[in-house]
Amino acid sequence: QVQLVESGGGLVQAGGSLRLSCAASGRTVSIYAMGWFRQPPGKEREFVAAIAWRGGSVVYADSVKGRFTISRDNAKNTVYLQMNSLKPEDTAVYYCARDRVPLRAGSLRLGPPEYDYWGQGTQVTVSS
């Protein structure tokens with residue numbers, strides 16, 4: 001079993017920054033791609049960013065490209081999401097998740113069904 005715990009959320013003004021962390025315990029996630037997703041109020045969960053298990057490949061949703069940066073530290077079993085230039089529309093509960101397939105080659109996956117373990121989420125609220 002893998003436990004994922006997100007932290008770093010909070011209330012921030014538009015234009016501000018936050019850094020989310022996702023700490024994994026139980027088993028290593030170093031051989032799995034990891035993703036960040038978010039669920040805005042009243043909406044479905046949506047893809048934000050993903051990073052390959054080696055960290056060399058990343059992909060972002062168009063809505064966050066150029067503002068958010070995903071990274072990982074496999075030695076610490078932790079994945080990060082640096083969020084800059086935050087906008088009110090970034091308000092959501094943010095979740096990290098683990099890819100179902102270890103050592104996945106090819107394209108990073110964007111759909112929630114492609115991920116098996118999820119954290120409990122951390123709230124990010126951006127005020128205008």
Side-chain angles (χ1 to χ4, degrees):
Q1 291 290 328
V2 174
Q3 293 80 41
L4 301 175
V5 178
E6 302 95 339
S7 62
L11 173 64
V12 64
Q13 288 188 332
S17 298
L18 285 173
R19 187 193 194 203
L20 305 185
S21 298
C22 171
S25 62
R27 302 184 75 172
T28 182
V29 295
S30 63
I31 59 171
Y32 294 85
M34 297 292 291
W36 283 97
F37 294 79
R38 67 186 182 186
Q39 187 162 14
K43 297 184 179 181
E44 294 186 351
R45 194 168 298 189
E46 62 186 30
F47 171 79
V48 175
I51 185 167
W53 65 275
R54 287 179 173 174
S57 178
V58 296
V59 63
Y60 298 96
D62 287 344
S63 59
V64 307
K65 203 172 294 183
R67 300 187 298 121
F68 290 12
T69 303
I70 187 172
S71 61
R72 66 189 300 161
D73 185 338
N74 284 340
K76 295 183 178 180
N77 229 18
T78 301
V79 182
Y80 305 96
L81 186 68
Q82 177 67 44
M83 306 186 296
N84 298 328
S85 302
L86 282 161
K87 304 175 181 180
E89 51 264 43
D90 294 318
T91 294
V93 178
Y94 283 72
Y95 300 89
C96 67
R98 191 194 79 168
D99 191 331
R100 296 187 172 276
V101 177
L103 303 171
R104 185 190 290 275
S107 300
L108 292 165
R109 297 302 191 261
L110 311 185
E114 302 281 2
Y115 293 78
D116 54 1
Y117 287 97
W118 294 78
Q120 83 291 346
T122 185
Q123 176 70 47
V124 171
T125 303
V126 184
S127 63
S128 58

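For the numbers below, each heavy atom of this structure counts, side chains included, while hydrogens, waters and symmetry mates do not. We number each residue from 1, following the sequence as shown.
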Margin query: Does either side chain, that of Thr78 or that of Asp73, offer a donor lying less than 3.5 Å from an acceptor on the other one?
Written below: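 No, because no side-chain N or O of Thr78 sits under 3.5 Å from a partner of the opposite role on Asp73.
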Checklist line | Separation of Tyr94 OH from Glu6 CD (nearest 0.5 Å) | finding: 12.5 Å
Notebook entry, point to check: Can you name the one residue among Thr69, Val59, Ile70 that meets side chain to side chain contact (heavy atoms under 4.5 Å, CB included) with Ile51?
Noted result: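 It is Ile70, the one option of Thr69, Val59, Ile70 that forms the side chain to side chain contact (heavy atoms under 4.5 Å, CB included) with Ile51.
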Margin query: Under the side chain to side chain contact (heavy atoms under 4.5 Å, CB included) test against Val48, which residue among Tyr95, Phe68, Tyr60 passes?
Written below: Phe68
Note to self: Is there a salt bridge (charged side-chain N to carboxylate O under 4.0 Å, His left out) between Arg104 and Glu114? Walk through the geometry before answering.
What the structure shows: CA-CA 11 Å; Arg104 185 190 290 275; Glu114 302 281 2; 3.8 Å; yes
Any donor and acceptor pair, going by atom type alone, linking the side chain of [X] with main-chain N or O of [Y] inside 3.5 Å?
X	Y	value
Arg100	Pro113	yes
Asn74	Gly55	no
Arg72	Val29	yes
Thr122	Gly9	yes

Checklist line | Check against ring pair (Phe, Tyr, Trp, His ring centres under 6.0 Å), Trp118 and Phe37 | finding: CA-CA 10 Å; Trp118 294 78; Phe37 294 79; 4.9 Å; yes
Residues [X] and [Y] bridged, charged N to O under 4.0 Å:
X	Y	answer
Asp116	Arg98	yes
Glu89	Arg38	no
Asp90	Lys87	no

